[in-house]
2 protein chains.
Amino acid sequence: MTRPATIVDVARVAGVSRQTVTRAMHDMAGISPATRDRVLAAARELNYHPSRFGRGLVKPAARTLGLLVGDLTNPYYAELASTVLRLAGERGWNVVMAEPGSVADLTGGADAVIGFTGLALDPPATGAPNLPVVEIDPPRVQPGHGRVEFERATATRDAVRHLLSRGVRRPVVLDRAGTSARGRAFAEAFRAEGVEPVPADRELGWPDLAGAAPDALVAFNDLDGFRLLRDLASAGVAVPGEVKVVGVDGLAVGEFVTPRLSTLAIDLTEVAGAALDLVVELSQGRSEAAVRVVAHRFVARDST
Amino acid sequence: MTRPATIVDVARVAGVSRQTVTRAMHDMAGISPATRDRVLAAARELNYHPSRFGRGLVKPAARTLGLLVGDLTNPYYAELASTVLRLAGERGWNVVMAEPGSVADLTGGADAVIGFTGLALDPPATGAPNLPVVEIDPPRVQPGHGRVEFERATATRDAVRHLLSRGVRRPVVLDRAGTSARGRAFAEAFRAEGVEPVPADRELGWPDLAGAAPDALVAFNDLDGFRLLRDLASAGVAVPGEVKVVGVDGLAVGEFVTPRLSTLAIDLTEVAGAALDLVVELSQGRSEAAVRVVAHRFVARDST
DNA sequence: CTGAAAGCGCTTACAG
DNA sequence: CTGAAAGCGCTTACAG
């Protein structure tokens, strides 16, 4: 593979000047049809594609937002991404996306970054020279970064009281060894009501958890909740009769599983909007340590 | 808002040359700590962010792939996007995404484009000067564009025979007035087996469709299938006992609805890989009208 | 209708 | 450790 063709290559082959090539490529006025055809033919022959960089340097271009999300296969991230795409599009921004696993060089391709940076701490994908960064639900405070924080205490308390009012006495909270904010929030909320929850590993399924004899399962997220629901159904355990199940995320598909999954929902449009607002503030240097808070709410459906 | 700061602004404020600024920004060797600090302070004060374009012009940058998908809220598009992100990342490409609704200027931000261009025909988002384009499941042939075509005849025939073998005699095929390739494929397959399907509008739900007294519903896609399943359950109609339901897309979540949805699945990893291969060929000018074919397969689950 | 000149913001050798 | 010069690929006035 040789060096890609540039505008001067095309100009040479077509026997014209550089700006005549520009005129032909962008279908501008002031060029004879014959010349245009000759230029276009040369461009095709050389497989010429104008460089985004040369062009961007001289024409005002759309700003580009880097979006760092988890696996899009999880509707939670997909829905957030969808909202960000829409909102960013309305503001005239382009969006480059990366999942933590992919090695895309966000720093070179974006003017600012938002996302779940907690997902990709090892290679600091956001450690660009002075790039504005807004973290969503970050595990810790990063100086200079904007933050969209989640308020979950209220909704968690609502969920816990709801469960207790329905007779729950032996809840199991599934988590990664109590490391997540959601897991800790649930544990504290149960204790505040005088009930000691049973901790369990997030990965566990139904036959595994039966030993704990729980009357409620707090899943790590909705997707895990779906899995538990399916496993419980296979095992012939009645939900919510024998065991109640609650998820976290508020996925729309939760309406389609059986029984419909109760969950802690968050308004992702609000989250996306807040993140976008903050990133604009930061890129204009208007804000030092910008923070927005978005609250979860408990949505009681049929699984509790 | 004034003009954004450039490297010369920082150099002037810090009282150094441009390349000393570069050295400081990128933490390069050959600069005294004191100078670096002074430069960094000036950069922060001016809210300086190096221009991607200036940089891209002079350093080899990652190529950028434009990805045009439908609403990411549909897991079908989300899963494809996820795969493309991973595959593109492995090849060192960045990915800019746009949903048809968003007005992001893909042409200025990408070196090549793949996606469901059929979704955004009105404003030819891909009509860039000579950009390589690969269309997935395109409604019509566009000269010069690569294509990943779907082969659905075989899987559709399998699905139809499966339905007939289970006693189906009055199938309803939901479509947008018979305009979709999937809808036509099902209608033809039923006719080939001697059964005339009842056409219906894609938007219709269960109470609406009851009048046709169907014993099978072919949903436009899995998401529609989920909705029908839910409506049928509410109405107390037994699936698959009284009515069988089949979707199209092969969503993984189909495993979690009740009953598990039978569907026409396609391997999205294969689709993404083919699209990426083609786009690389095209951007290297190696291929004139490149085409790959990926086949659906029928996945019988519990709803039929 | 066509072209010579200047400049966009950055980095890479090369001098000092 | 620091800077003057050249150049990356393109477009925008300005001449002709």
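On a predicted model such as this, the values are computed, not experimentally measured, just so you know. To find a chain, count down the sequence lines: A is the first, B the second, and so on, and within it residues start at 1.
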Does A/Thr35 put a side-chain nitrogen or oxygen below 4.0 Å from OP1 or OP2 of C/dT2?
yes

Is any side-chain N or O of A/Arg23 under 3.5 Å from a base N or O of C/dG3, one able to act as donor and the other as acceptor?
yes

Report the distance from atom CD1 of B/Ile7 to atom P of C/dC10, rounded to the nearest whole Å.
5 Å

Between D/dT11 and A/Thr22, is there an OP1 or OP2 to side-chain N/O distance shorter than 4.0 Å?
yes

Quick one: on DNA chain D, does A/Arg18 or B/Ser32 contact a more 5' nucleotide (nearest heavy atom)?
B/Ser32

Could you tell me how far apart A/His49 (NE2) and D/dC10 (C1') are, to the nearest whole angstrom?
16 Å

Verdict with reasoning, A/Val271 to A/Phe150, per side-chain contact (heavy atoms from CB on, under 4.5 Å):
CA-CA 9 Å; A/Val271 172; A/Phe150 289 179; 3.9 Å; yes

Determine, step by step, whether A/Asp71 and B/Arg86 satisfy the salt bridge (Lys or Arg N to Asp or Glu O under 4.0 Å) criterion, reporting the C-alpha distance in whole Å, the side-chain angles of both residues, the deciding distance to 0.1 Å, and the verdict.
CA-CA 10 Å; A/Asp71 184 2; B/Arg86 181 170 50 76; over 6 Å; no

Is the Lys NZ or Arg CZ of B/Arg55 less than 6.0 Å from the centre of A/Phe53's six-membered ring, within 45° of the axis?
no

The Watson-Crick or G-U wobble partner of C/dC14, with both key distances under 3.5 Å, is D/dG3

Round to the nearest Å and state the distance from B/Phe53 atom CZ to C/dT11 atom P.
14 Å

Send over the distance from B/Leu57 CG to C/dT11 C1', rounded to a whole Å.
10 Å

Answer yes or no: does a side-chain N or O of B/Ser17 lie under 4.0 Å from OP1 or OP2 of D/dG3?
yes

Which whole-number value in Å describes the distance from B/Met25 CE to C/dT12 C1'?
18 Å

Indicate whether OP1 or OP2 belonging to D/dC10 is found under 4.0 Å from a side-chain N or O atom of A/Lys59.
no

Considering only heavy side-chain atoms of A/Val16, the closest of D/dC10, C/dG3, C/dC10 is C/dG3

Taking side chain to side chain contact (heavy atoms under 4.5 Å, CB included) as the criterion, tell me which of B/Val69, B/Leu68, B/Leu67 meets it with B/Tyr77.
B/Val69

Starting at the 5' end of DNA chain C and moving along, which residue's nearest nucleotide shows up first, A/Arg38 or A/Gly54?
A/Arg38

Length of the CZ-P vector between B/Arg55 and C/dT12, whole Å:
7 Å

Atom CG of B/Asp27 and atom P of C/dT11: how far apart are they, to the nearest Å?
14 Å

Grab the CE-C1' distance between B/Met28 and D/dT2 for me, whole Å please.
13 Å

When we call it a touch if two heavy atoms are under 4.0 Å apart, what does B/Val21 touch: a base, just sugar-phosphate, or nothing?
nothing

Between A/Trp93 and A/Leu276, does a side-chain contact (heavy atoms from CB on, under 4.5 Å) hold up when you go through it step by step?
CA-CA 10 Å; A/Trp93 287 64; A/Leu276 247 11; over 6 Å; no

Presence of A/Thr20 side-chain N/O under 4.0 Å of C/dG3 phosphate oxygens OP1/OP2:
yes

